[in-house]
Amino acid sequence: MSDKQRFRLGDYLNQPPQYYHATFGYIAHKVNQQHKKIPLILLKDIYLVDENDKKIRLSKKADFKDHKGNHIVADHLWVKLTKPWFELPDELLYAIRTNS
């Protein structure tokens with residue numbers, strides 16, 4: 001992800017909750033400063049969507065597009081797989097399992 005794209009993600013910091021759609025990449029691990037393995041998941045092609053999972057077209061000149069020309073918030077994002085992930089609604093976890 002380019003620095004320009006990371007800056008674009010900053011536009012969504014401290015905003016009201018929004019819906020996003022992403023494609024699951026894979027699970028990996030990183031080692032933190034205490035030498036503990038931390039699980040991570042790779043999310044790819046992150047889109048801003050409405051409550052019906054319909055993609056929202058972004059309108060800034062600096063918008064990014066995926067390989068199909070669709071507007072995206074980011075091409076990828078690494079997320080720590082922390083305890084709250086395991087407390088997500090069953091529907092979301094089912095969608096993750098069936099779409100990966």
Side-chain angles (χ1 to χ4, degrees):
M1 184 181 326
S2 71
D3 289 337
K4 184 178 175 186
Q5 195 163 1
R6 290 177 207 267
F7 180 76
R8 181 74 165 100
L9 280 172
D11 292 348
Y12 299 93
L13 186 64
N14 296 323
Q15 295 295 316
Q18 298 183 39
Y19 295 97
Y20 295 91
H21 179 104
T23 302
F24 174 81
Y26 58 90
I27 296 176
H29 290 86
K30 79 171 193 172
V31 178
N32 68 9
Q33 293 177 342
Q34 291 79 30
H35 305 287
K36 291 176 71 177
K37 277 184 146 181
I38 306 296
L40 303 170
I41 59 171
L42 173 65
L43 300 177
K44 302 186 293 183
D45 295 333
I46 296 103
Y47 300 91
L48 187 61
V49 296
D50 64 16
E51 61 275 358
N52 298 314
D53 201 32
K54 185 175 186 295
K55 294 176 185 167
I56 296 174
R57 183 179 170 92
L58 305 175
S59 59
K60 293 188 177 182
K61 288 183 180 179
D63 285 343
F64 295 97
K65 296 182 180 178
D66 66 7
H67 62 281
K68 294 180 182 177
N70 296 315
H71 291 249
I72 59 174
V73 175
D75 64 345
H76 75 281
L77 186 65
W78 286 99
V79 180
K80 289 181 186 177
L81 194 55
T82 57
K83 186 176 178 179
W85 278 92
F86 297 101
E87 297 169 355
L88 291 171
D90 290 338
E91 295 84 16
L92 179 60
L93 294 177
Y94 175 77
I96 290 171
R97 284 192 297 266
T98 58
N99 290 326
S100 59

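Around atom CG of Asn52, more than 12 heavy atoms belonging to other residues, nucleotides or ligands sit under 6.0 Å away.
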Side chain to side chain contact (heavy atoms under 4.5 Å, CB included) between Leu40 and Lys80: does it pass, once the steps are laid out? CA-CA 4 Å; Leu40 303 170; Lys80 289 181 186 177; 3.8 Å; yes
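By the side-chain contact (heavy atoms from CB on, under 4.5 Å) test, His35 pairs with Val31, sequence neighbours left out. Take Asn32 and apply the side-chain contact (heavy atoms from CB on, under 4.5 Å) test, not counting sequence neighbours, and it matches Gln34, Lys36, Ile38. Qualifying side-chain contact (heavy atoms from CB on, under 4.5 Å) partners for Tyr20, counting only residues two or more places apart in sequence or in other chains: Tyr12, Gln18, Ile46, Leu48, Val73.
Across all non-hydrogen atoms, the minimal contact from Phe24 to Lys44 is O-CE, 4.4 Å.
The NE2 atom of His21 sits 12.0 Å away from the CG atom of Asp50 when rounded to the nearest 0.5 Å.
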